[in-house]
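Read the structure below first, then the notes.
Everything quoted here is computed from the prediction, not taken from an experiment. Only this structure's heavy atoms are used, side chains among them; waters, hydrogens and symmetry mates stay out. Just so it is clear: chains get the letters A, B, ... in the order the sequence lines come, proteins before strands, and each one is counted from 1.
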Protein chains: 2
Amino acid sequence: MKELLHAPAGSAGNNVYAQLKQQIVSLELPPGTTLSEKEMSIAFQVSRTPVRESFVRLAQEGLLLVLPQRGTKVSLIDPDLVEEARFMREQLERAVIKLACQSFPEEQLTALERNLELQQESLRLHDGRSMFELDEEFHRILFEGCRKLGTWSVIQQMNAHLNRSRILWLKTDPHWEHLYDQHRQMFEAVRLRDESRADSVMREHLTLSIANLSVLKEKFPDFFVTVQ
Amino acid sequence: MKELLHAPAGSAGNNVYAQLKQQIVSLELPPGTTLSEKEMSIAFQVSRTPVRESFVRLAQEGLLLVLPQRGTKVSLIDPDLVEEARFMREQLERAVIKLACQSFPEEQLTALERNLELQQESLRLHDGRSMFELDEEFHRILFEGCRKLGTWSVIQQMNAHLNRSRILWLKTDPHWEHLYDQHRQMFEAVRLRDESRADSVMREHLTLSIANLSVLKEKFPDFFVTVQ
DNA sequence: ACTACCATACTTGTATGGTAGTATGGAACT
DNA sequence: AGTTCCATACTACCATACAAGTATGGTAGT
């Protein structure tokens, strides 16, 4: 997978950024974890400069909270932001899938089908991580087919919050079969140009995403922002 | 290093970032302008480090293009991204204003009215810059009243592209009266809980935004990405 | 026992020197 | 004249040293 915008892929700064982001979103670095530039510079065997650069970028995305002269920590999950991310995705993805029903390139359509096959395979292997990535990829392809990749990349920003709660949820209660089924239905709807069906499935799909956020807050209280 | 003027409410890095961003979005730094860390560090009387930090952040927002070992320049306006930004705003703002028609706090409603008064005043003075800021503020208040400020801040990212083309357009053909009139209509629709009216006005409002993008491309060819 | 103080060991913020890659202009060669 | 090559002057990138703010634990004084 290639990064469209932004600087070189091979630089130390980008490597640190990419790896840190992956670890944060995947909850390997749980919300609230305290980091420090020096600590990470040792861990990644680079100087503080590229680490600091990564911190700046991650802070701008809301994944890190930098407190000057005090420390840096992985931001807690803000339930309000999670709901907003869901809201945002609902509006944009419903609009996009309706576009897709009007016109969708053959190339991306086969990409969707191929993706569904891979999902089925991952489902059989109970590979949750792979499923999550394929899920993301499925939606990305929809945006790609509608030439709205810029929109997708912007969504990713708030998604960082939504994704963390989704991963948390999927860890407690995997329900990949249902998600796969919805993806399959969306694919069929796009293929058959059935706008209303695509719209309703997508809406349900994205409502499901945070159905029981309050359950998660009870189960992992330390991961969430309490007062707002 | 001494801080000469404009008392820094924050760190040097933040100041440089804020000022650079303002200059880029307002087209004081036209698209295509080449910058360099050293050059800006001299201009802002700080070291290269905070400048570099700003560059990283602005590059992440797509406002700067950093070419390793080659240079840094203000990104050209990408017509496709402008259209995407408009598309995105249309979906989200229509959804938000419909929410607003269902429930909107009194506080933000009066803020909107106050904003309209200020728009009228700026209109009288032909103060384009003030009008632009009040326009932004008007829409921000709508999001605020629906508790969707996180969404608004994410929109700002792609808006950086949309705004530059809007400013360009408004420089060639001011049409503030029309925009003011639409704002007024939106306010009335929210006040009267008229969802369909709010929706249609907002849609027209955001379609207007880039009505004649091709004209701008002809008039300022150097500011736009040609091939994609 | 309790409080005030302060050395110390952190933290992020800033400045600066060095490194490697790139564009450019002029000299040497064909 | 046209081409090749290379010194030079850039660039962003990175490492490192220093500055300044903050939390903490021990100690002296009460």
Side-chain angles (χ1 to χ4, degrees), chain A residues 3-21 23-24 29-76, chain B residues 1-21 23-24 29-76:
Chain A
E3 193 87 20
L4 288 180
L5 311 169
H6 324 142
S11 70
N14 277 341
N15 286 331
V16 174
Y17 166 77
Q19 293 189 45
L20 270 180
K21 179 165 184 174
Q23 290 183 20
I24 293 173
L29 288 173
T33 307
T34 63
L35 307 177
S36 87
E37 296 176 357
K38 178 139 193 175
E39 172 194 354
M40 298 315 292
S41 74
I42 294 172
F44 284 103
Q45 294 282 313
V46 295
S47 79
R48 273 183 54 209
T49 305
V51 172
R52 180 173 171 75
E53 183 177 305
S54 307
F55 278 22
V56 168
R57 294 171 67 180
L58 292 167
Q60 182 149 337
E61 295 183 32
L63 288 177
L64 287 185
L65 192 61
V66 177
L67 304 105
Q69 276 72 41
R70 298 181 64 166
T72 300
K73 59 178 202 170
V74 179
S75 66
L76 298 178
Chain B
M1 199 58 76
K2 302 293 189 301
E3 289 132 349
L4 304 174
L5 16 129
H6 37 255
S11 62
N14 280 335
N15 286 328
V16 174
Y17 166 76
Q19 294 189 40
L20 270 180
K21 179 164 183 174
Q23 291 183 19
I24 294 173
L29 288 173
T33 307
T34 63
L35 307 177
S36 86
E37 295 177 357
K38 182 147 193 173
E39 172 194 355
M40 298 314 292
S41 73
I42 294 173
F44 284 103
Q45 293 283 308
V46 296
S47 77
R48 301 199 311 273
T49 305
V51 172
R52 177 174 170 73
E53 186 175 302
S54 307
F55 279 18
V56 168
R57 294 170 68 181
L58 292 167
Q60 182 147 349
E61 296 183 30
L63 288 177
L64 287 185
L65 191 63
V66 177
L67 304 107
Q69 274 71 39
R70 299 179 64 168
T72 301
K73 58 178 202 170
V74 179
S75 67
L76 298 179

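- A straight line from CG of A:Asn15 to P of D:dC14 spans 9 Å, rounded to a whole angstrom.
- As a whole-Å value, the separation of A:Leu64 CG from C:dT12 C1' is 13 Å.
- As rounded to whole Å, 18 Å separates atom P of D:dC18 from atom CD of A:Gln69.
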For a side-chain contact (heavy atoms from CB on, under 4.5 Å) check, start with the C-alpha distance between A:Gln60 and B:Glu61, then their side-chain angles and the critical distance, and finish with the verdict.
CA-CA 10 Å; A:Gln60 182 149 337; B:Glu61 296 183 30; 2.8 Å; yes
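- Backbone-only engagement by A:Thr72 is indicated by non-hydrogen atom pairs under 4.0 Å involving sugar-phosphate atoms exclusively.
- Summarising the geometry of B:Arg52 relative to B:Glu37, their closest heavy-atom pair is NH1-OE2, 3.0 Å, with the distance given to 0.1 Å.
- With C:dT14, D:dA12, D:dA15 as the candidates, the nucleotide lying closest to the side chain of B:Val66 is D:dA12.
- Residue A:Val46 comes nearest to A:Ala12 through the heavy atom pair CG1-CB, 4.1 Å, listed as atom of the first residue, atom of the second, then distance.
- Map B:Gly71 and A:Pro50 each onto its nearest nucleotide of DNA chain D; the residue landing nearer the 5' end is B:Gly71.
- Distance, A:Glu53 CD to D:dA15 C1': 13 Å, rounded to whole Å.
- Within the model, atoms CG of B:Leu65 and NZ of B:Lys73 stand 6.5 Å from one another, a figure rounded to the nearest 0.5 Å.
- Distances from the side chain of A:Thr49 to the nucleotides D:dT16, C:dT14, D:dA23 place D:dT16 closest.
- Nearest nucleotide to the B:Arg70 side chain, out of C:dT16, C:dA20, C:dA23: C:dA23.
- Closest heavy-atom contact between B:Ser54 and B:Tyr17: OG-N, 3.2 Å.
- Closest to the side chain of A:Arg48, from the set D:dA12, C:dG17, D:dC18, is D:dC18.
- What separates CG of A:Leu58 from P of C:dT12 is a distance of 13 Å, to the nearest Å.
- Closest to the A:Ser11 side chain, of the nucleotides C:dG21, D:dC14, D:dG21, is D:dC14.
- Between the side chain of B:Ser41 and the main chain of B:Ser47, no donor-acceptor pair closer than 3.5 Å is present.
- B:Phe44 and B:Gln19 get closest at one heavy-atom pair: CE2-OE1, 3.3 Å.
- When all heavy atoms of B:Gly62 and B:Ser75 are compared, the pair lying nearest together is O-OG, 2.8 Å.
- For the pair A:Met40 CE and D:dA15 C1', the computed distance is 18 Å after rounding to whole Å.
- Note on A:Ser47: a side-chain N or O is less than 4.0 Å away from OP1 or OP2 of D:dA15.
- Against DNA chain C, the stretch residues 32-39 of chain B makes no heavy-atom approach under 4.0 Å.
- Where pairing requires Watson-Crick or G-U contacts shorter than 3.5 Å, the helical stems of DNA chain D with at least three consecutive pairs are C:1-30 with D:1-30.
- Using modelled atom types, no side-chain atom of B:Thr33 and backbone atom of B:Val74 make a donor-acceptor pair closer than 3.5 Å.
- Atom-to-atom, NZ of B:Lys73 to C1' of D:dA12 comes out at 16 Å; the value is rounded to the nearest Å.
- Rounded to an integer number of Å, the gap from CZ of A:Arg52 to C1' of D:dC13 is 16 Å.
- The shortest heavy-atom contact between B:Val66 and B:Ala59 is CG2-CB, 4.0 Å.
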